[in-house]
Amino acid sequence: MDKSVRFRTRLENRIANVKILIFHPMETGYRKDKKTNEIVPKHFIHTVNVFQNDDLVMVIHWSRSVSKNPYLNLKIRECSLGDVIRVSWEDNFGESGFGEVKLE
Amino acid sequence: MQLKKDRRSFIEKVGSLIGLLSLSYLGKISKMSFAANNLNSTWDSVAYNKTAFSEALVAIGANRITPTDKINLKTPEIAENGAIVPLEITWELEATERIFVFAEKNPQPLVSDFIVTPKIEPLIATRIKMGESALVHVVALAAGSFYSTSKEVKVTIGGCGEE
């Protein structure tokens, strides 16, 4: 597991409140590097998958208009203690990341 | 005689058990096919590259949209920093399959889309960038129809050329 995904979770009445932070530059392709004065190429996460254990429960698509270090809050139904919430992402450079957290 | 009765009740019990099992199995299949239909859709480069809001709507198939108060969009009225505009979306529409977010005046207005399953509570929060003051539109696809709500966000410093 890499360190690109951070979680904060709370389980209440079998609903998991999941807050996700992904460390990623999310470059628009419009920004100029202040030192080199060159345009920084667009670099953004386009797809995020959210799993409860092995079940895919949500798919998110992003554009370069999503903020740097993207934040996501969602709530998953019918969760139990010990369930594992997994997140995987992929960007336009073909890079990817993964993180998971156990509900406690 | 007693034996026969027992046997009958046993057969009845097994029968009802099989019935129950097949029902729950059918439930599982319908959930799975839901997932298969929607969760497989990939990043739509056509829609995401449209530079006009109206064209992006056509690209996602939203030719007819009904405004609704069953989608609630919470944003700050004034975002001082366009690089971080927090959004919270909640909805009360039945059978919601997908939520799209547009910032009307961004170079590419389609910002994000969320493919939701019945496992998801109707709440999503995220943070987006906005180049300038504009309407933010949330479009939901629910039971085959498109619904929308919009809200104006005033941006003091645009966030597209910034980090």
Side-chain angles (χ1 to χ4, degrees), chain A residues 8 12-22 24-34 39-40 42-79 83 85 89-92 94, chain B residues 28 31-32 35-36 38-45 47-50 56 60 79 81-90 98-103 105-131 136 158-163:
Chain A
R8 193 167 288 175
E12 215 168 28
N13 300 324
R14 298 209 66 202
I15 293 169
N17 187 347
V18 183
K19 292 176 178 171
I20 302 162
L21 198 62
I22 304 178
H24 195 281
M26 299 299 280
E27 292 288 354
T28 56
Y30 297 115
R31 190 175 72 88
K32 259 188 185 168
D33 186 312
K34 278 171 191 142
I39 296 279
V40 181
K42 68 178 176 192
H43 184 200
F44 64 99
I45 295 174
H46 57 70
T47 304
V48 180
N49 294 314
V50 182
F51 300 83
Q52 176 198 6
N53 300 319
D54 294 325
D55 296 331
L56 186 56
V57 293
M58 191 172 188
V59 174
I60 300 129
H61 297 131
W62 278 336
S63 72
R64 42 185 149 161
S65 283
V66 168
S67 302
K68 179 184 176 180
N69 299 331
Y71 167 79
L72 195 63
N73 181 200
L74 62 122
K75 290 180 171 179
I76 306 170
R77 291 171 173 152
E78 298 159 40
C79 284
D83 280 359
I85 307 300
W89 60 261
E90 197 183 325
D91 71 19
N92 66 320
Chain B
K28 219 167 204 176
K31 253 186 201 170
M32 274 160 60
N38 295 278
L39 294 169
N40 282 346
S41 15
T42 52
W43 197 79
D44 183 348
S45 60
Y48 274 101
N49 284 322
K50 291 290 182 198
I60 64 163
N81 182 359
I84 304 172
V85 182
L87 308 180
E88 190 183 287
I89 303 158
T90 52
R98 205 151 171 177
I99 303 278
F100 298 87
V101 178
F102 298 87
K105 289 189 182 164
N106 275 14
Q108 295 84 24
L110 180 53
V111 171
S112 182
D113 75 85
F114 302 82
I115 303 168
V116 299
T117 64
K119 290 283 291 187
I120 297 296
E121 281 278 301
L123 173 144
I124 295 164
T126 190
R127 296 174 189 149
I128 69 166
K129 289 179 212 152
M130 289 180 67
V136 174
C160 279
E162 304 301 313
E163 260 188 44

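Quick note on labels: first sequence line is chain A, next is B, and so on, each numbered from 1. Model, not experiment: these values are computed from the prediction.
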What heavy-atom pair brings [X] and [Y] nearest, and what distance separates the two atoms?
X        : Y        : answer
A:Thr28  : B:Lys129 : CG2-NZ, 3.4 Å
B:Ile84  : A:Ser67  : CA-OG, 3.7 Å
A:Leu56  : B:Leu39  : O-CD1, 3.6 Å
B:Gln108 : A:Ser65  : O-OG, 4.3 Å

- Note on the structure: Hits for side-chain hydrogen bond (donor to acceptor under 3.5 Å, both in side chains) against B:Tyr48, two or more places apart or cross-chain, chain-then-number order -> B:Asp113
- Task: Sort and list the pairs that fulfil salt bridge (Lys or Arg N to Asp or Glu O under 4.0 Å) and have at least one residue in residues 50-60 of chain A, not counting sequence neighbours.
- Result: A:Asp54-A:Arg86
- Message: Under 4.5 Å from any heavy atom of chain B, what part of A:Ile15 do you find: side chain, backbone, both or neither?
- Response: side chain
- From A:Arg77 CZ over to B:Thr117 OG1, what is the distance, rounded to the nearest 0.5 angstrom? 9.0 Å
- Query: CG of A:Asn17 to CD of B:Glu121: how many Å apart, nearest 0.5 Å?
  - Reply: 9.5 Å
- Taking B:Thr126, B:Val85, B:Ile120 one by one, which has the highest count of heavy-atom pairs under 4.5 Å against chain A? B:Ile120
- Note on the structure: Ranked by heavy-atom pairs below 4.5 Å to chain A, first place among B:Val101, B:Leu110, B:Thr42 goes to B:Thr42
- Query: Taking every heavy-atom pair that is under 4.5 Å apart, which of A:His61, A:Arg64, A:Lys75 has the most such pairs with chain B?
  - Reply: A:His61
- Task: Could you tell me which of A:Val57, A:Val50, A:Ile20, A:Leu74 has the largest number of non-hydrogen atom pairs under 4.5 Å with chain B?
- Result: A:Val57
